[in-house]
Amino acid sequence: MAAILTQLPDGGTPRPDILRGPFRMPGTYRAVRAPESPYDRAIGFLLPAAAFFLSWWQVGRIPAFNLTMSDIILIVCILLMLVSRGLNARMMGRMSVLWVGGLVMLLGGMLVGSTMHGDFARWPVVAGQYAFALLLIPMVLANCSLATLRKAANAYVWGVAVSQAVGIALVNLFSRDMINQYVNKYVVTGNGRLGAFTGEPNSNGAVCVFALIFLLHAVIEKRLRPVTAVPLALVIVAGMVYSASFTAFSCTILAIGFVLALSRIRTVITIALPVVLVVAAYVGLGGPVPAVFEQRVGEAVVSGDPTKAGTFVGRSVLIQEAWQMSSDNLLIGLGSDGYRKASVYGMPVHQLYLLVLNEGGIVSFLGLSLMFAAMFVHGAFIAGRSRTDGVSALAILGVFFLYAMSLPHMFARMWNGPVMLMFALATAGAAASFISARRPSWNGRDRTLETERTSEAG
């Protein structure tokens with residue numbers, strides 16, 4: 001498959017022959033940009049649309065094929081890119097070989113387990129979902145312009161905010177029975193937790209965390225004005241509170257704190273200080289909080305006991321079972337979806353690493369570990385060129401890593417799609433910052449840069 005390399009050469013020096021090709025690197029010179037083709041214009045419209053619907057997992061989904069509106073739009077983008085230019089095989093920069101190798105190991109171990117246990121039917125489904133999410137989509141994103149990726153990032157934030165606004169309005173205006181009958185039975189759970197358009201409270205909390213990282217990244221880079229960013233943040237935070245997810249609450253504190261801690265002092269003063277003051281005033285004045293949030297999250301935070309956070313105890317039982325079973329499945333795993341059949345509880349363990357270890361053996365486990373390591377190293381490379389981009393990529397990776405410790409297979413695009421989008425955006429942004437800092441002169445004179453970067457980008 002053809003691949004158009006949009007990364008900087010390993011030596012770090014931009015080459016004129018690359019920048020003068022039919023497809024420019026994001027952030028290069030306006031004078032050498034080729035006119036956009038109809039395919040590029042179509043992708044520039046479709047990719048933000050796919051990002052907008054990325055978190056709407058239960059709305060417009062085809063359950064039989066596990067495809068959402070976002071997936072269908074992304075498939076169209078893949079086809080358009082194949083026809084026009086091919087896909088970019090360097091979705092993780094210098095770490096792309098390790099990334100692909102890890103994916104092959106992850107799926108290969110499950111293939112061996114499925115074959116040895118005589119249950120091959122499920123493997124093509126799982127492998128296809130993982131390949132689409134972790135190979136094809138990153139290859140498309142890596143081949144998009146910086147402007148398109150920025151539009152997609154903003155669209156994702158708006159998509160999450162709209163889903164939370166609709167969900168909160170439904171919860172407060174209608175009864176659960178009416179919502180189940182006329183809208184969707186996944187919008188709100190029996191105990192009043194908000195699932196919104198993801199279909200499940202924990203996943204709804206996760207997309208809120210992802211959206212807040214994208215929002216903070218946009219604010220630091222001054223791509224979103226406060227008059228727009230503040231209402232979006234309030235709606236997304238409200239959605240996270242209504243989801244009553246202890247994991248989402250913890251990840252938000254850790255991720256936002258990580259980004260701000262490694263940002264410039266001016267950023268901390270202008271963003272973190274007002275947020276702290278507003279939260280302190282709201283809590284001090286006794287602002288209303290959903291009862292389900294107080295029960296599931298408030299008690300766990302105040303007491304410091306995570307066992308009070310909903311289903312923590314039940315998940316720990318599954319984790320203990322998976323750990324005991326793993327010694328028998330190190331060489332040859334149980335195969336794709338085999339853990340559900342082997343477990344006495346009849347359900348997969350909510351811990352991705354142990355699930356992969358049991359279903360694919362040590363080969364799949366090492367493959368998954370290699371993929372996380374490749375993302376971490378690539379994020380560190382990005383941070384070396386652009387602090388804001390690199391820190392944001394590492395923050396969203398950290399959230400994804402933590403959620404993987406509390407959930408089974410995460411090939412659904414609402415989980416890994418935001419991570420792949422942030423890494424593509426950070427890679428393109430870091431390349432633009434690098435070229436802007438170097439400001440090389442070709443043909444005897446400097447040209448005007450089309451980077452749209454600010455001093456806050458690091």
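Numbering starts at 1 and runs along the sequence shown.
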To the nearest 0.5 angstrom, please state how far the [atom1] atom of [X] sits from the [atom2] atom of [Y].
| X | Y | atom1 | atom2 | result |
| --- | --- | --- | --- | --- |
| R340 | E359 | CZ | CD | 9.0 Å |
| L366 | M105 | CG | CE | 5.0 Å |
| M69 | I62 | CE | CD1 | 10.5 Å |
| Y353 | Q351 | OH | CD | 7.0 Å |

Can you name the residues that form a ring-ring contact (aromatic ring centres under 6.0 Å, His included) with [X], not counting sequence neighbours?
| X | result |
| --- | --- |
| F376 | none |
| F400 | F372 |
| F214 | Y156 |

Query - Heavy-atom side-chain contact between R150 and S145 under 4.5 Å - result: no
Residues that [X] engages under side chain to side chain contact (heavy atoms under 4.5 Å, CB included), provided they are two or more places apart:
| X | value |
| --- | --- |
| L111 | T115, F120, W123 |
| A412 | W57, M414, W415 |
| V377 | M95, F381 |
| Q129 | N66, F411, R413 |

Query raised in the report: Parallel, tilted or perpendicular for Y130 and H409, by the 30°/60° rule?
Result: perpendicular
Report summary line: For S203, the side-chain hydrogen bond (donor to acceptor under 3.5 Å, both in side chains) test, sequence neighbours excluded, returns T198
Query raised in the report: How would you list all residue pairs meeting salt bridge (charged side-chain N to carboxylate O under 4.0 Å, His left out) that involve residues 118-132, not counting sequence neighbours?
Result: D119-K341, R122-D337
Report task. Can you tell me which residue pairs pass the salt bridge (charged side-chain N to carboxylate O under 4.0 Å, His left out) test with a partner in residues 100-109, sequence neighbours excluded? Result -> none
Query - Residues, nucleotides or ligands: over 12 heavy atoms within 6.0 Å of L331 CG - result: no
Report summary line: Residues pairing under ring pair (Phe, Tyr, Trp, His ring centres under 6.0 Å) where one sits in residues 186-205, two or more places apart or in two chains, turn out to be W56-F197
Tell me which donor-acceptor pairs under 3.5 Å the side chains of residues 247-257 have, and how far apart each pair is, sequence neighbours excluded?
residue	atom	partner	partner atom	Å
S250	OG	F246	O	2.9
T252	OG1	A248	O	2.8

